[in-house]
Amino acid sequence: MISDRWMRWPSREGLTREGQSVARLWFVRVLRVAIGGSLLWNAFHHDRGWRLAAGVGLVVLCGGLVWAFLRTSFDHRLWPSVTLLALLVGSGYAAQLGDWSVLALVLWCGAAFLALERLPLVVAAGCMPLALASFATHNDDGWLVTALIVVGLALAGYTLRLDADARGNAHRLLAQERAARAAEAETAALAERSRIAREIHDVLAHSLSAQLVHLEAARLLIEGDATREQILDRVVAARSMAREGLAETRQALSALRGEMTPVEDFLRELVVSDKASVSVTGARRALPAEASQAVRRVAQEALTNVRKHAPGAKVFVRLAYEEGEVTLDIRDSGGPPGELAASGAGYGLIGMRERAELLGGSLTAGPGEEGFIVTLKVPT
């Protein structure tokens with residue numbers, strides 16, 4: 001069975017001018033003009049009258065055949081290409097009969113060269129020997145010179161074929177690389193959209209959860225016939241949380257753009273209204289945007305849970321810069337459960353755990369000796 005290498009056409013990408021240097025393109029153009037001019041001069045400068053017209057017409061016809069062959073072989077049309085190549089060989093015999101031997105030899109050499117460069121090897125192996133045999137039969141040089149010319153033509157044609165295959169492979173690899181870069185850019189854009197959506201979701205979830213705490217407390221106060229001032233305090237607190245939610249949303253968008261305050265400063269501002277202490281250990285350094293956001297969101301979620309489940313408890317926040325990672329540890333002193341301990345579905349810490357795992361980190365949450373402990377570790 002004939003292998004694919006013998007049946008395969010040269011790639012279209014390798015036969016185009018795309019990717020070729022300007023110097024090479026100009027060299028090919030000058031070479032074509034030189035060959036055409038030499039043929040006209042050497043074959044026809046002694047002719048007059050009808051022989052001159054016939055010779056020029058034959059050159060023009062052969063040029064048209066070459067152009068048509070280049071088009072059909074580029075389109076991988078086998079039988080039209082073979083037919084045009086046979087017409088070129090036949091034109092060589094016509095030139096030989098008309099005593100235009102130089103033109104005949106050039107046509108036979110060119111036909112062999114083009115067959116090897118642009119046709120499948122199994123087809124070229126049948127067409128090329130015919131053209132080279134015609135050249136060898138009518139060439140006036142010695143057998144050694146003729147043999148060297150035949151071998152040289154075969155090697156030159158095969159070399160250009162290999163060059164076309166190499167350029168075709170380079171074009172395909174370049175196209176694949178561009179497609180891979182486009183897919184990578186699209187993936188990065190989708191990941192960025194997902195990150196923005198996750199940030200906004202976490203901000204809103206925290207803000208709305210905190211508002212729910214105050215509004216639920218206001219409802220309980222109303223049912224318990226509390227004073228107007230107590231109810232108003234809860235409503236004002238809910239409104240304050242709404243404002244803070246909007247501010248946090250803006251901060252999240254700024255953080256995604258790389259415009260954020262240091263994490264330790266954010267934690268100190270976060271615990272201003274709580275009985276909390278913040279300690280920072282290790283060499284402070286700027287954190288990646290996603291790691292910084294994870295620390296901020298976990299701290300907000302953990303403090304919201306303390307307000308719901310252990311209101312009035314002391315909170316201890318520790319941020320540790322370690323080798324290759326940062327650790328956030330939040331624990332409370334415990335206490336009697338608040339009135340809103342049963343509210344919520346527990347999805348906040350689940351979302352934080354998923355965020356940490358996406359970053360290659362971990363989040364643990366559970367009861368400690370006195371209260372509740374939340375520990376986040378994310379790589380940096």
Side-chain angles (χ1 to χ4, degrees), residues 1-33 35-36 39 58-95 103-135 150-180 182-183:
M1 183 176 179
I2 300 176
S3 65
D4 179 67
R5 178 172 174 270
W6 285 85
M7 296 294 295
R8 187 177 64 245
W9 287 80
S11 64
R12 292 187 177 92
E13 295 85 355
L15 298 177
T16 60
R17 299 177 182 177
E18 183 180 354
Q20 296 187 15
S21 64
V22 177
R24 178 169 180 167
L25 292 174
W26 275 105
F27 174 77
V28 172
R29 292 168 183 168
V30 171
L31 182 62
R32 290 174 180 174
V33 172
I35 292 175
L39 287 176
L58 184 59
V59 170
V60 173
L61 174 63
C62 293
L65 291 175
V66 171
W67 178 86
F69 174 80
L70 295 178
R71 297 305 306 170
T72 56
S73 61
F74 181 81
D75 295 334
H76 294 175
R77 297 164 60 191
L78 180 60
W79 290 113
S81 299
V82 173
T83 301
L84 290 168
L85 199 66
L87 290 176
L88 279 175
V89 175
S91 298
Y93 280 100
L103 176 60
L105 295 178
V106 170
L107 287 175
W108 289 326
C109 292
F113 185 85
L114 291 174
L116 188 57
E117 181 191 11
R118 303 181 72 94
L119 294 179
L121 286 176
V122 67
V123 179
C127 298
M128 185 180 65
L130 176 62
L132 291 179
S134 302
F135 167 79
V150 169
V151 173
L153 285 173
L155 290 177
Y158 191 66
T159 300
L160 284 182
R161 182 188 186 91
L162 293 179
D163 178 68
D165 287 339
R167 286 190 289 112
N169 292 332
H171 278 293
R172 285 191 292 272
L173 289 175
L174 180 60
Q176 292 174 3
E177 182 180 357
R178 288 174 177 171

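- Once rounded to the nearest 0.5 Å, the distance linking CZ of Arg77 with CG of Leu84 reads 8.5 Å.
- With sequence neighbours left out, Gln176 forms a side-chain hydrogen bond (donor to acceptor under 3.5 Å, both in side chains) with no residue at all.
- Nearest heavy-atom pair across Leu107 and Cys62 is CD1-SG, 3.5 Å.
- Between Leu65 and Phe69 there is no side-chain heavy-atom pair separated by less than 4.5 Å.
- Across Leu85 and Ala115, no two heavy atoms sit closer than the pair CD2-CB, 3.5 Å.
- With sequence neighbours excluded, the residues forming a side-chain hydrogen bond (donor to acceptor under 3.5 Å, both in side chains) with Thr72 are Ser81, listed by chain and number.
- Residues Trp108 and Tyr93 come closest through the heavy atom pair CZ2-N, 3.7 Å.
- Rounding to the nearest 0.5 Å gives a distance of 11.0 Å between CE of Met128 and CG of Leu130.
- Partners of Val66 by side chain to side chain contact (heavy atoms under 4.5 Å, CB included), not counting sequence neighbours, listed by chain and number: Leu70, Leu88, Leu114.
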